[in-house]
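Naming: A, B, ... by sequence-line order, numbering from 1 per chain.
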Amino acid sequence: MTLILDPDDPTGWREAPGAADRERADEPRSAGHAASDRLTAGLNPQQREAVEYRGPALLIVAGAGSGKTRVLTHRIASLIDGREAWPSQILAITFTNKAAAEMRERVEALLGEAAGGMWISTFHSACVRILRREAEAIGLSSTFTIYDSADQRTILKRIIKELDADTLGFTPASAQAKISKLKNELSDVETYARNVNTNDPNDVMFLEIFRQYTRRLRDASALDFDDLISETVYLFRAFPKVAALYQRRFRHILVDEYQDTNHAQYALIRELTRAVEPDVVAELDEHGVLVRGLTDATGAIPGASLTVVGDSDQSIYAFRGADIRNIVEFERDFPGAKVVLLEQNYRSTQNILSAANAVISNNFDRKDKKLWTADGDGERITGYTGYSAHDEAQFVADEIEALHGAGVAYRDIAVFYRTNAQTRALEEIFVRSALPYRVVGGTKFYERAEIKDAMAYLIAVANPLDELAIRRILNTPKRGIGPATETAIASFAEQNDLSFRQAMRAADGLGLGPKVTKAIIDLAKLLDAAAAMLVPSQKGIDEGTNEGASKVSDVLAFLIEGSKLVETLRTSRDPQDETRAENVEELLAQTKDFDRENPGASLVDFLTQVSLVAAADELDDASGTVSLMTLHTAKGLEYHAVFLTGIEEGLLPHQMSASEPGGPAEERRLFYVGITRARKRLYLSLAMSRAQFGEVSVAMPSRYLQEIPDELIDWKQSPGMATSRGGTQPRALNARRGGYGGGAGGGAWGTRDRDLERFSVTKSAAPKTEWANRVTGTVRDNGDLTLEAGDRIRHTDFGEGTVRQVTGEGTKRIAHVAFDSAGQKKLLIKIAPIEKL
DNA sequence: GGACAAAGCATTTTT
DNA sequence: TGCTTTGTCC
């Protein structure tokens with residue numbers, strides 16, 4: 001075993017003195033005390049206790065908005081400031097990379113100095129860092145590839161096809177879910193094989209799928225997301241000396257969002273907080289690892305102190321294996337643990353908190369906990385029931401414009417929804433209303449086919465064993481290497497015990513046509529040439545740095561040029577290929593940014609970063625746009641104004657959750673998380689009908705809505721009586737579009753007869769063209785329709801109006817229109833459903 | 001081996 | 001409804 005110095009923290013391994021630092025202890029203690037007062041000033045008694053408590057284990061039960069990030073950052077700062085720990089002895093686990101970056105900034109701001117050497121990262125990033133360093137020990141290349149869900153799917157699809165497993169009902173998705181579940185429980189193939197029921201053909205088949213899947217990842221030197229955690233646990237268990245390096249180094253471990261940890265993550269924390277036995281300490285000492293000052297009377301290094309922060313009411317990842325018991329049973333797992341409860345909320349108004357409390361109190365089997373604030377009731381929650389998803393979206397857009405008009409910045413506004421599919425209606429209306437918005441997560445840039453192609457080139461260069469990547473680019477762009485040729489190379493590789501890549505280099509011996517053979521060898525040469533660019537100079541190798549290696553952007557540029565990837569897209573007849581070419585160029589620009597921001601970083605670093613970005617990492621605080629995201633992505637964030645959309649049965653709670661044990665309770669927590677993101681304004685909206693699979697179906701208000709006391713919600717248009725009569729009667733509508741009827745008058749669930757007439761039972765069953773604000777699926781194009789102030793226009797939804805002003809350029813020209821009955825609107829001239837009169 | 005058309009299927013949430 | 005997969009023809 002080799003002991004490696006931490007490159008970004010040379011003092012970390014050898015000189016970290018821990019609590020018994022002699023030199024520093026000479027400094028006057030009073031300075032430390034003054035500093036610690038500074039770090040606890042302005043905290044409430046519970047927060048202060050959470051910052052100051054010292055002991056082996058601390059559980060901070062932190063309700064939403066109770067200042068837990070503040071407590072965590074102050075706690076870290078106080079450990080460092082009080083000379084109790086070096087920055088390098090801190091390991092803090094956050095849920096997203098963005099949260100990690102923020103936490104680092106805040107700690108450094110508190111300390112007034114850079115605190116390099118702290119590990120603040122996500123579980124996955126921390127594990128990758130450990131695994132790349134220790135890859136050899138578990139027979140893995142340090143340039144291993146990280147496979148995402150799509151990669152897993154591709155592989156499983158191939159396996160299932162080869163095994164004809166679909167006849168037994170296996171799908172890539174089902175196998176993927178099962179494998180993920182097993183890995184999260186730290187059950188590998190061999191463990192599974194021991195417990196398999198050999199009489200059940202389903203079990204036997206699944207075992208074979210699992211086996212092959214594992215073997216292919218191994219052969220490709222690749223790990224999936226779940227492996228990153230479980231392999232680190234296996235590494236620590238199999239190599240106590242390797243584990244000891246990290247157990248010795250990290251003296252203070254802090255885990256945020258502990259309620260969403262799964263069993264594997266829990267096991268990892270257990271391994272990291274284990275004490276180092278005296279005999280292992282002695283061995284470390286022999287290898288020159290500094291242990292002086294860290295050992296106790298028995299010669300062991302005691303386990304690191306553990307701080308976890310969580311709120312079981314915000315556990316929303318059970319589907320991903322998160323085990324709520326990790327937090328519920330913390331006191332049992334870590335005897336003598338101290339528990340601090342943070343209930344005072346500093347984020348939201350009392351009305352919002354009362355709604356949240358009312359909803360979550362319907363979950364039984366939870367410790368009673370009530371959020372409260374000293375900041376007053378604030379405004380009531382606004383409710384709205386749209387006729388359709390588009391109508392609902394229009395309400396959201398109108399309210400956002402009103403908020404913006406009242407001085408709320410777009411970036412302080414967020415719209416949440418349960419499923420990604422709900423963005424469609426919202427986007428259509430937002431585009432039309434010329435509202436600046438951004439969808440966070442969803443279909444990501446890196447999931448686009450052309451980007452995956454370009455990335456596959458880079459991966460194939462970084463990890464020559466990665467067959468998946470090579471196969472992806474084998475015929476992209478088209479170079480005449482079809483499935484038959486691909487199979488020929490694969491079987492040639494198998495027969496001669498070569499890797500796919502080696503087989504490509506030896507394509508001469510395949511007996512293929514001269515054209516195809518040349519294409520294969522040229523591609524192999526291109527990849528080899530790019531790989532040669534990655535080798536550092538002798539100086540770099542000697543110093544263990546990346547010096548002399550080409551920059552990521554240069555390697556990508558070389559590959560794009562050599563493969564004619566962009567060139568092919570540019571000369572293609574398909575008009576969409578132009579956009580694809582631009583996307584690849586955008587990727588190139590991103591690698592340039594990466595090179596600039598991370599001098600000396602390698603290609604593998606870039607690939608790692610791309611693999612591990614979370615949806616919330618894309619958020620740009622300075623962006624000046626409204627943020628759209630799923631409720632899951634919203635965790636940990638907060639906004640001045642929050643719109644919760646689609647609060648309907650079947651959507652929230654989602655249909656799929658009904659059959660899962662604990663499903664409805666988890667959905668309620670999801671709603672709770674959404675509510676508690678709002679600081680000042682909360683909007684709840686739903687639609688009475690929603691299109692899915694192209695069919696329009698009737699939607700019912702969510703059961704959770706009725707859990708919020710009436711007096712907290714001000715319905716601008718309420719859901720009516722539909723829920724009271726067994727759902728046989730379509731919902732009545734009690735207000736007109738545009739002019740809000742103040743539906744709350746007779747109680748939130750009341751109806752008004754006058755308006756019932758307009759949308760009677762028979763009317764609502766009429767073709768959907770009758771519905772207000774219907775939006776056609778196709779994007780309109782008004783070409784170069786020119787409008788100027790004073791023009792009269794007609795809009796399919798808003799009727800007639802007068803153009804007041806035209807702003808913007810080209811395709812982004814916006815008409816500000818005063819409609820005769822619908823009020824003032826902003827419209828994107830190019831695509832709005834309007835005609836000039 | 002590639003281009004195009006028809007058919008079938010899909011949507012829960014994510015590192 | 002809209003995308004992906006499969007089938008057919010050149």
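- Residues satisfying the side-chain hydrogen bond (donor to acceptor under 3.5 Å, both in side chains) criterion with Tyr317(A), sequence neighbours excluded, are absent altogether.
- Applying the ring-ring contact (aromatic ring centres under 6.0 Å, His included) rule to Phe416(A) yields no partners; only residues at least two apart in sequence or on another chain are considered.
- Using a 4.0 Å heavy-atom distance criterion, Asn262(A) is classed as making no nucleic acid contact.
- Between dT5(C) and dT12(B), the two C1' atoms lie 23 Å apart (nearest whole Å).
- Not a single side-chain hydrogen bond (donor to acceptor under 3.5 Å, both in side chains) links Arg320(A) to another residue, sequence neighbours left out.
- A search for ring-ring contact (aromatic ring centres under 6.0 Å, His included) contacts involving Phe500(A) returns nothing, not counting sequence neighbours.
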Distances under 3.5 Å only, N/O to N/O: pair up the protein atoms with those of nucleotides 3-6 of chain C.
| residue | atom | partner | partner atom | Å |
| --- | --- | --- | --- | --- |
| dT5(C) | OP1 | Lys157(A) | NZ | 2.7 |

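- By the side-chain hydrogen bond (donor to acceptor under 3.5 Å, both in side chains) test, Ser174(A) pairs with Thr171(A), sequence neighbours left out.
- Evaluation of atom-type donor-acceptor distances gives no pair under 3.5 Å for the side chain of His654(A) against the base of dT12(B).
- For the contact set between residues 317-326 of chain A and DNA chain B, defined by any heavy atom under 4.0 Å, the members are Tyr317(A), Phe319(A), Arg320(A).
- At a threshold of 4.0 angstrom between heavy atoms, the contacts of Ser125(A) with the nucleic acid are absent.
- Here the nucleotide nearest the side chain of Arg418(A), chosen from dT14(B), dT11(B), dT12(B), is dT12(B).
- For Tyr147(A), the ring-ring contact (aromatic ring centres under 6.0 Å, His included) criterion is met by no residue, not counting sequence neighbours.
- Shown here are the side-chain hydrogen bond (donor to acceptor under 3.5 Å, both in side chains) partners of Asn598(A), two or more places apart in sequence or in another chain: there are none.
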